[in-house]
Amino acid sequence: MSTASGPIEYADRGRGEPVLSVHGTFGGWDQGLVAAEFLRVNGYRIIAPSRPGYLGTPLSTGQTFTQQGDAMAALLDALGIDRIIVLAVSGGGPAGYELAARHADRVSRLVQVDGVCIPGPIPEAAAHRFIA
């Protein structure tokens with residue numbers, strides 16, 4: 001799907017309250033569907049994007065965690081979804097954190113499952129503030 005951040009490949013399954021299922025390091029939309037299947041069979045709609053650089057979503061859609069969070073918000077815009085539950089797994093954790101932090105009005109709940117929570121690369125211009 002075309003979004004303001006660039007193309008995002010995604011799957012959309014089920015009916016009911018929407019859940020954005022953000023996959024981990026190995027996978028794409030397919031892994032997002034598997035991770036959220038227990039929710040789909042219990043009446044939720046699962047939106048499972050491939051994060052930038054995975055399967056059919058180009059890395060240019062979001063190279064940093066911040067850009068990935070913004071790309072997820074852009075996908076919600078393109079789908080006409082105002083608020084959503086976010087389920088972020090493993091390597092999808094940073095994108096989920098950024099979506100919730102930068103677009104808090106869009107996230108009704110954030111569920112992290114073994115979410116990566118280390119900082120990403122420090123921009124060179126800011127590195128002097130963090131390195132003694």
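As the structure is a prediction and not an experimental result, all values here were calculated from the model.
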Would you say the side-chain atoms of [X] pair up with the backbone N or O of [Y], donor to acceptor, closer than 3.5 Å?
X: R83; Y: P18; value: no
X: S21; Y: I46; value: no
X: Y54; Y: T25; value: yes
X: T61; Y: P7; value: yes
X: E9; Y: G56; value: yes
X: R51; Y: G28; value: no
X: Q67; Y: Q63; value: yes
X: Q112; Y: V89; value: no

Problem set entry | Salt-bridge criterion met for R109 and E17 (N-O under 4.0 Å) | yes
Problem set entry | Note: D12-R45 ion pair, threshold 4.0 Å (strictly below) | yes
Student check: side-chain heavy atoms of [X] and [Y] closer than 4.5 Å:
X: L79; Y: I47; result: yes
X: L87; Y: L39; result: yes
X: W29; Y: T57; result: no
X: Q68; Y: T64; result: no

Exercise. If you group Ile, Leu, Val, Met, Phe, Trp and Tyr by side-chain heavy-atom gaps below 4.5 Å, do V111 and V107 land in one group?
Worked result: no
Problem set entry | Cluster link V22 to V34, ILVMFWY, side chain under 4.5 Å | no
For this session: Go through L75 and I81 one step at a time and tell me if the side-chain contact (heavy atoms from CB on, under 4.5 Å) criterion holds.
Result: CA-CA 9 Å; L75 176 62; I81 297 173; over 6 Å; no
If I compare all heavy atoms of [X] with all of [Y], which pair ends up nearest, and what's the gap?
X: L33; Y: A11; result: CD1-CB, 3.7 Å
X: A88; Y: G96; result: CB-CA, 4.2 Å
X: A78; Y: S2; result: CB-O, 3.9 Å
X: V116; Y: Y97; result: O-CE1, 3.1 Å
X: P52; Y: G62; result: CB-O, 3.2 Å

Exercise. side-chain contact (heavy atoms from CB on, under 4.5 Å) between L20 and L99: does it pass, once the steps are laid out?
Worked result: CA-CA 11 Å; L20 183 71; L99 173 60; 3.7 Å; yes
For this session: Name all residues meeting the salt bridge (Lys or Arg N to Asp or Glu O under 4.0 Å) criterion together with R102; count only those two or more places apart in sequence or in a different chain, and write none if there are none.
Result: D70
For this session: State which residues pass salt bridge (Lys or Arg N to Asp or Glu O under 4.0 Å) with D77; sequence neighbours excluded, sorted by chain then number.
Result: R106
Exercise. What distance separates M72 CE from H103 NE2, expressed to the nearest 0.5 Å?
Worked result: 10.5 Å
Exercise. Can you check side-chain contact (heavy atoms from CB on, under 4.5 Å) on E37 and V41, steps first, answer last?
Worked result: CA-CA 6 Å; E37 178 63 9; V41 300; 3.3 Å; yes
Exercise. Does Y10 have any ring-ring contact (aromatic ring centres under 6.0 Å, His included) partners at least two apart in sequence or in another chain, and if so, which?
Worked result: none
For this session: Start with the C-alpha gap between I84 and L76, add the side-chain angles, then the distance that decides, and say whether side-chain contact (heavy atoms from CB on, under 4.5 Å) holds.
Result: CA-CA 8 Å; I84 198 163; L76 298 180; 3.7 Å; yes
